[in-house]
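To start, the structure itself, in structure tokens.
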Amino acid sequence: MVFRRRNPRSTLGWVREMIYPRGGFRRATQYLIHRMRRLPDEPHRIARGVFAGAFVSFPPIFGIQMLSAGLLAWAIRGNILAAVLSTFLSNPLTTPFVAIASLELGHWMLGIDQPLDFVTLVAAFANAGTELWSNITAAFSHREAHWDSLAVFFRTIYLPLFVGSIIPSLLIAVVSYWVTFPLVRAYQRLRALKTKERTEKRHRLRQALADAKARLKARAEAGHGAGDDDAPGSP
């Protein structure tokens, strides 16, 4: 196939690149910006798409971020591809800081008095994961499913994180919109100007070639006419 990788990537390699891209986050960011600027759409639609993608990047909607970004971009008449690309704002470098701030804000907004130290968070995730796996395996056995740890996790971690992430995500989305719009507009104007200059240059070159051919043809005809006049038997 045309687009098949020459060296198939293993599952471990795929996971590793999802956590840390092969060329580093700087190269990945430059690639995303390059793709964003070259999208064939109006600047305000691209900026709306970036707004949608940035807004859904940090709330804990694992697995459906791209779908959510596309639907939100469609609802606000933004560029869907720009929205999907912008979901990569959520990465291992940015997510921990936004998540901690969102969790603390969510606890404050919901009035939850719960310690947020590292040990407590790790224990909550571990207990919830263990209980979730136990419930999945219980569906294929005669064991009874339990939801106590998952209920605690939802009440003290997931719900505060979801509620608290709305305000930071909205701020990041607004900033992303106002940064993207002028950059894309300036890039598209510069690109259009360069395209116009290249078109005019090609037109001048074709015109110069046409003029040169016309002069050569005129000289050839003039020389041919002079040769006829000098021919023997002419008066």
Side-chain angles (χ1 to χ4, degrees), residues 9-21 25 28 32 49-76 78 80 83-176:
R9 185 169 50 189
S10 63
T11 303
L12 180 60
W14 179 83
V15 173
R16 184 176 61 249
E17 290 193 16
M18 289 296 293
I19 297 175
Y20 187 83
F25 287 106
L32 289 176
V50 173
F51 174 92
F55 182 74
V56 304
S57 292
F58 298 102
I61 48 176
F62 312 113
I64 59 171
Q65 283 184 332
M66 291 186 178
L67 177 60
S68 301
L71 291 175
L72 181 58
W74 174 79
I76 62 177
I80 295 178
V84 172
L85 290 174
S86 299
T87 58
F88 289 95
L89 288 172
S90 175
N91 56 69
L93 289 181
T94 59
T95 299
F97 298 99
V98 178
I100 293 173
S102 300
L103 188 56
E104 292 181 350
L105 181 60
H107 273 225
W108 176 77
M109 294 173 65
L110 297 175
I112 299 175
D113 187 13
Q114 178 79 15
L116 293 176
D117 56 275
F118 179 75
V119 176
T120 302
L121 292 177
V122 171
F125 275 93
N127 293 335
T130 301
E131 190 170 80
L132 179 61
W133 176 252
S134 177
N135 290 345
I136 292 175
T137 57
F140 303 96
S141 64
H142 299 288
R143 291 186 293 106
E144 183 179 356
H146 299 279
W147 303 95
D148 298 337
S149 296
L150 288 171
V152 172
F153 178 82
F154 178 82
R155 185 174 65 254
T156 61
I157 303 296
Y158 185 86
L159 183 60
L161 179 59
F162 185 87
V163 173
S165 65
I166 294 176
I167 295 178
S169 298
L170 183 60
L171 292 176
I172 294 172
V174 171
V175 171
S176 300

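Throughout, residue positions are numbered sequentially from 1 according to the sequence presented.
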Give the table of side-chain donor-acceptor pairs shorter than 3.5 Å for residues 96-104, with sequence neighbours excluded, one pair per line with atom names and distance.
| from | atom 1 | to | atom 2 | distance (Å) |
| --- | --- | --- | --- | --- |
| Ser102 | OG | Val98 | O | 2.7 |

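- Under the 4.5 Å side-chain criterion, counting only non-hydrogen atoms from C-beta, Leu150 is in contact with Asn135.
- Distance check: Leu161 CG to Ile166 CD1 gives 10.5 Å after rounding to the nearest 0.5 Å.
- With sequence neighbours left out, the side chain to side chain contact (heavy atoms under 4.5 Å, CB included) criterion links Ile61 to Val56, Ile64, Gln65, Ser68, Phe162.
- In this structure, CH2 on Trp147 lies 13.0 Å from CZ on Phe154, to the nearest 0.5 angstrom.
- For the pair Ser86 and Gly53, the tightest heavy-atom approach, listed with the atom from each and the gap, is CB-CA, 3.8 Å.
- Among all heavy-atom pairs drawn from Pro60 and Ser165, the shortest one is CD-OG, 4.0 Å.
- Once rounded to the nearest 0.5 Å, the distance linking CH2 of Trp108 with CG of Leu110 reads 10.5 Å.
- Taking all atoms of both residues into account, the shortest heavy-atom contact from Ala52 to Ala73 is CB-N, 3.7 Å.
- The CZ atom of Phe58 sits 4.0 Å away from the CD1 atom of Ile172 when rounded to the nearest 0.5 Å.
- A distance of 10.5 Å separates CG of Leu171 from OG of Ser176, quoted to the nearest 0.5 Å.
- The minimum heavy-atom distance linking Gly164 with Leu105 is given by the pair O-CD2, 3.5 Å.
- Separating the OG1 atom in Thr137 from the CZ atom in Arg143 is a distance of 4.0 Å, to the nearest 0.5 Å.
- Across all their heavy atoms, Thr87 and Ser57 have their closest contact at CA-OG, 3.3 Å.
- With sequence neighbours excluded, the residues forming a ring-ring contact (aromatic ring centres under 6.0 Å, His included) with Phe125 are Phe153, listed by chain and number.
- Between the Ser134 side chain and the Thr130 main chain, no donor and acceptor come within less than 3.5 Å of each other.
- Closest approach of Val84 to Met66, counting heavy atoms only: CG1-SD, 3.9 Å.
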